Amino acid sequence: MFLDVHENELTAYSDHADEPNNDSDRESDWENDENQSIFYRATSPVNKDGQRSPAEFEDITYHPNITVGRPCNQYGEFLPAGTPPAPWEDLPCTDFSPFDDREDFELAELLYQRTQMPKSDISDLMQIWARKSARSGMDVDPPFANCDELYATIDSIEHGDIPWQSFVASYSESDADASPSEDPAAEPDDAPWKHAAYDIWFRDPLAILKQQLSNRDFAGEMDFSPKRVLAKASGKRRYHDMMSGNWAWRQADVLSQNPENHGATFCPVILGSDKTTVSVATGQNDYYPVYLSNGLIHNAVRRAHRNGVTPVAFLAIPKTDREHHNSDEFRNFRRHLFHSSLKRILTSLRPVMEDFIVLQCADGHYRRVIFGLGPYIGDYPEQVLVSCIVQGWCSRCTAKSKDLDGLRGRRSHEHTGTLRLLCPTNTLWSDYGIINGITPFTAHFPRADIHELISPDILHQLVKGVFKDHLVSWVEDYVKLSYPKAEAARILAEIDRRIAAAPPFTNIRRFKDGRGFKQWTGQDSKALMKVYLPAIAGLVPPRMVRAVHYFIEFCYHVRREVLDDDDLETLDNLLASFHREREMFMEEGVRPTGFNLPRQHALTHYRDLIFEFGAPNGVCSSITESRHRTAVKDPYRRSSRNEPLAEILLVNQRMDKLAAARVNFVARGMLDDSGFLGHRETPQRTVQELQRIQDEDDDGGAVDGHVLSEVLMARKAVPGYPRRVDALATMLNLPNLREDISRFLYDQEHPDRDPTIPLNDIPIQDCSEFRGKIFVYPSAVATYYAPSDMSGTGGMYRERIRSTNSWRKGPERRDCVLVEHDPNSAGFRGLHIAQVQLFFKIKYKRVFSYPCALVNWFSPIGNEPCHDTGMWRVKPDFAADGTRTTTVIHLDSILRAAHLVGIAGEDFLPYHLKFVDSLRAFKSFYVNKFIDYHAHETAF
């Protein structure tokens with residue numbers, strides 16, 4: 001294949017189209033009460049500042065020769081230990097160039113990045129601004145005359161300026177089809193794809209890596225040396241960020257053989273590629289982005305996309321007519337084009353993979369840096385393409401495609417090269433799964449072997465693959481095979497009803513009609529996994545339920561932020577249990593041919609991949625999938641659809657410039673008191689930030705920065721409720737509210753009381769009578785350390801817990817919570833389950849204000865989780881008169897929200913049952929530990 005390289009750059013152009021509370025009883029000092037609940041969780045490994053403290057729990061050993069990336073000066077000369085970093089070459093802190101001032105920058109960021117306002121609307125806004133100023137006599141021009149001036153200003157930002165370049169590739173006669181063909185006839189020379197030219201756009205990967213390594217936003221969140229981490233308490237090996245794996249350590253071993261590399265920093269280059277579709281309209285609507293990251297930044301940074309994952313290229317997607325689409329020659333050309341393009345794109349990295357380059361890093365220090373190709377992120381079709389193997393084979397090992405669980409060895413470039421010398425093409429294809437004539441791009445770079453670098457893929461292999469495409473489909477197939485058609489339809493409809501009846505929960509997709517829709521996304525599959533087990537329990541054999549249970553357990557364990565030797569043993573046991581129980585699908589005729597499936601086979605490699613690359617959540621395709629939206633889909637939607645790729649590239653370039661400018665301004669202390677609420681929160685929360693997270697419209701989500709584990713009441717009390725206890729109790733039909741509050745106050749005043757005596761057994765005459773005012777709130781917000789979920793860079797996450805008479809203008813919603821009980825007991829044994837009937841505040845003796853919750857309790861069923869589903873079961877508590885028992889608890893005792901799913905067993909749900917009635921309709925419930933990863937690590 002002939003590569004005709006044109007050093008073109010993409011330049012800027014602009015010719016393309018494009019609950020109020022008016023209660024007078026509110027006391028103003030309650031708006032921002034200094035006595036808000038703050039509670040340090042024993043279950044959250046954070047220090048008093050809300051940060052992870054690995055040094056307190058871990059012993060870290062760095063590579064002896066590639067040691068901590070020894071700081072040097074800009075000439076590469078090592079500095080004495082303790083030398084402070086060189087100062088950054090910054091402009092004065094008043095210089096917002098190319099913007100006139102801070103407000104101009106924030107306006108540009110607001111219009112172009114945050115709201116993505118169309119060009120015509122920007123021009124109209126500036127015109128309105130100018131007319132308003134002229135009419136008021138202010139004689140102040142708008143910040144920008146029109147959209148063209150705004151775009152020109154963004155284009156002139158120097159930070160993050162990495163222009164797009166292109167080269168052209170086309171077919172040449174030297175490309176012969178080396179794979180076996182059923183039709184020996186060659187494709188005619190007039191095939192249209194042979195005469196087409198294919199544009200590949202890219203940015204200099206070395207320039208992107210320099211920008212990432214010097215990004216001051218990453219300071220303190222990078223490892224400059226391979227490391228081995230041991231837990232202090234147990235001595236167990238721990239795996240989390242990329243540099244804690246064995247692969248980086250081995251690379252350092254190789255590099256350290258050259259004494260000149262001692263003290264240098266080895267930086268893995270992480271690549272990922274995946275086609276994505278932006279529209280179902282006619283014409284070209286698919287794109288092929290390649291993303292680049294580096295292995296020094298922590299996994300949390302990469303998942304949060306703080307410029308730690310950058311689009312480096314858009315590959316060409318050759319197309320032809322139906323006559324030639326499936327020809328071997330055309331498919332071979334596409335493979336050649338892919339690998340030749342990557343080889344050309346990464347050319348600038350080859351010199352710095354053999355000799356170090358001196359770069360300034362995020363902490364300000366200069367270091368000698370040596371690069372090397374690291375993990376490659378892709379789904380199974382992408383793994384097949386990048387490793388040059390035949391579909392159905394494994395990209396990492398030599399297991400036969402017809403016996404993937406049989407004997408196997410490790411694939412390598414050396415192994416493939418030897419086989420090519422010894423075997424004919426047909427034998428390579430049929431016996432070894434090797435496509436002859438195609439050389440993986442990694443063979444052209446030092447110390448790189450694609451078969452070693454294929455990363456784990458939780459999203460496509462596990463969630464969308466084994467769970468959704470295999471297990472869910474097999475359960476449905478089993479029902480159809482085992483029952484008459486009408487009965488099978490009834491059972492499948494019952495599974496859908498159970499899924500639809502799951503109670504609401506923060507940030508979970510609700511399946512109104514069960515699984516009955518066609519377009520499944522990765523998020524849909526993840527959401528289904530959260531509620532699927534309770535839906536099938538009792539409707540299919542227990543062994544089948546256990547097979548699904550063990551697999552979901554495997555998925556949740558492997559997704560954890562940190563894994564240790566015990567976790568790896570647990571993964572082995574879960575995988576063995578899954579393999580044992582899945583045999584039922586074969587016995588029942590669902591899988592008569594067995595389980596020779598590449599995505600299920602991939603599970604057997606996860607232990608080794610964790611050894612190599614650390615926790616899989618840092619190199620999973622979910623990172624590139626979610627990056628599609630900001631790098632491809634959103635830019636496409638704001639384009640004119642006329643030559644959209646050029647506009648997509650330009651949008652990416654401008655976004656990167658704005659992001660880099662913000663990092664620079666923040667590092668210079670010029671945006672410390674920003675009123676913007678959409679960016680990263682700082683450790684010291686402002687009043688505005690507190691108001692935002694307490695706003696009822698916010699359901700929660702990732703929290704960036706390092707903040708306290710806490711539970712805060714909603715910002716505003718609910719208007720219209722009585723402020724006196726008796727009147728409120730009558731209105732809400734809570735006859736014991738006054739007594740419950742009195743007993744709560746007794747508990748607060750007697751912290752040393754006997755905890756074995758239930759609070760409700762305290763004689764009411766021993767308690768102080770509460771006569772103050774009470775303020776009702778619709779919700780509370782729990783913030784906690786949950787790094788395994790899609791949390792912020794500090795591992796923090798927040799969720800809203802609701803207790804309100806009307807949710808989204810509909811029925812009431814009373815969420816459940818996990819309440820801390822015994823900090824010395826692990827998992828669910830140290831917790832209680834309660835349902836919140838009321839959030840409120842009281843002020844007592846004019847000194848203390850207490851944020852409280854009135855709750856109903858649930859008691860566990862048995863002393864162990866359910867054997868089939870792995871979830872604990874609970875039932876509601878009732879008093880002797882048949883009413884639900886209630887207690888007032890302090891907001892501090894709430895750990896987080898809990899999700900209860902009704903246990904239906906073999907019974908069928910009534911057709912009229914709605915999800916809002918689930919918590920009242922069932923006699924017993926599963927405590928759903930699969931609602932998110934933090935719950936899985938907490939309620940086990």
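This one's a predicted model, so the numbers in the text were calculated from it and none came from an experiment. Atoms considered below: every heavy atom in the structure, side chains included; atoms not considered: hydrogens, waters and symmetry mates. In this chain, numbering begins with 1 at the start of the sequence shown.
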Approximate separation, where rounding is to 0.5 Å, of [X] [atom1] and [Y] [atom2]:
X: Thr277; Y: His628; atom1: OG1; atom2: NE2; value: 9.0 Å
X: Leu459; Y: Ile377; atom1: CG; atom2: CD1; value: 11.5 Å
X: Asn664; Y: Lys657; atom1: CG; atom2: NZ; value: 14.0 Å
X: Phe266; Y: Ile370; atom1: CZ; atom2: CD1; value: 9.0 Å
X: Ile317; Y: Tyr198; atom1: CD1; atom2: OH; value: 11.5 Å
X: Gln251; Y: Leu373; atom1: CD; atom2: CG; value: 9.5 Å

Return yes if some donor-acceptor pair links the side-chain N/O of [X] with the main-chain N/O of [Y] below 3.5 Å, else return no.
X: Ser626; Y: Ile623; result: yes
X: Ser133; Y: Asp141; result: no
X: His240; Y: Ala615; result: no
X: Trp129; Y: Pro142; result: no
X: Glu647; Y: Ser640; result: yes
X: Arg641; Y: Ser639; result: yes
X: Arg302; Y: Ile297; result: yes

Looking at every heavy atom in both [X] and [Y], which two are closest together, and how far apart are they?
X: Asp204; Y: Gln165; value: N-NE2, 4.1 Å
X: Phe218; Y: Gln212; value: CD1-O, 3.3 Å
X: Tyr287; Y: Val278; value: CE1-CG2, 3.7 Å
X: Ala108; Y: Phe144; value: CB-CZ, 4.2 Å
X: Val663; Y: Asp217; value: CG1-N, 3.9 Å

So [Y] and [X], do their side chains get closer than 4.5 Å, heavy atoms only?
X: Ile157; Y: Phe99; result: yes
X: Met796; Y: Tyr785; result: yes
X: Ile162; Y: Thr310; result: no
X: Thr153; Y: Asp104; result: no
X: Leu292; Y: Leu209; result: yes
X: Met243; Y: Phe224; result: no
X: Val269; Y: Pro205; result: no
X: Thr265; Y: Met222; result: no

Can you name the residues that form a side chain to side chain contact (heavy atoms under 4.5 Å, CB included) with [X], not counting sequence neighbours?
X: Ala631; result: Tyr291, Pro311, Arg627, Asn652
X: Pro375; result: Met242, Ile270, Ser455, Phe613, Val619
X: Asn146; result: Ser123, Asp148, Glu149
X: Thr115; result: Leu110, Met117

Under 6.0 Å between ring centres, would you say that holds for Tyr75 and Tyr366?
no

Under the side chain to side chain donor-acceptor pair (under 3.5 Å) test, residues paired with Tyr288 that sit two or more places apart
Glu382

Counterpart residues, side chain to side chain donor-acceptor pair (under 3.5 Å), relative to Gln74 (two or more places apart):
none

Quick note, side-chain hydrogen bond (donor to acceptor under 3.5 Å, both in side chains) partners involving residues 86-96, not counting sequence neighbours, are Asp90-Arg216, Asp95-Ser97

Apply salt bridge (Lys or Arg N to Asp or Glu O under 4.0 Å) to [X] and list each qualifying residue two or more places apart in sequence or on a separate chain.
X: Asp634; value: Arg629, Arg637
X: Lys343; value: none
X: Lys227; value: Asp223
X: Asp274; value: none

Could you walk me through whether Leu315 and Ile345 pass the side-chain contact (heavy atoms from CB on, under 4.5 Å) check?
CA-CA 10 Å; Leu315 302 180; Ile345 290 164; 3.7 Å; yes

Checking side-chain contact (heavy atoms from CB on, under 4.5 Å) for the pair Thr276/Tyr636: CA distance, chi angles, key distance, verdict?
CA-CA 12 Å; Thr276 183; Tyr636 176 84; over 6 Å; no

Audit row: Leu271, Phe441, side-chain contact (heavy atoms from CB on, under 4.5 Å) steps and yes/no:
CA-CA 12 Å; Leu271 296 169; Phe441 76 94; 4.2 Å; yes

Under 3.5 Å donor-acceptor pairs involving side-chain atoms of residues 349-363, not counting sequence neighbours:
residue, atom, partner, partner atom, Å
Arg350, NH1, His444, O, 2.2
Gln360, NE2, Gly364, O, 3.1
Asp363, OD1, His365, N, 3.1
Asp363, OD1, Arg367, NH1, 3.0
Asp363, OD2, Arg367, NH1, 3.2
Asp363, OD2, Arg367, NH2, 2.9

Please indicate whether Gln116 has more than 12 foreign heavy atoms, meaning atoms of other residues, nucleotides or ligands, lying under 6.0 Å from its CD.
yes

Does Arg654 make a cation-pi contact with Tyr151 (under 6.0 Å, within 45 degrees of the axis)?
yes

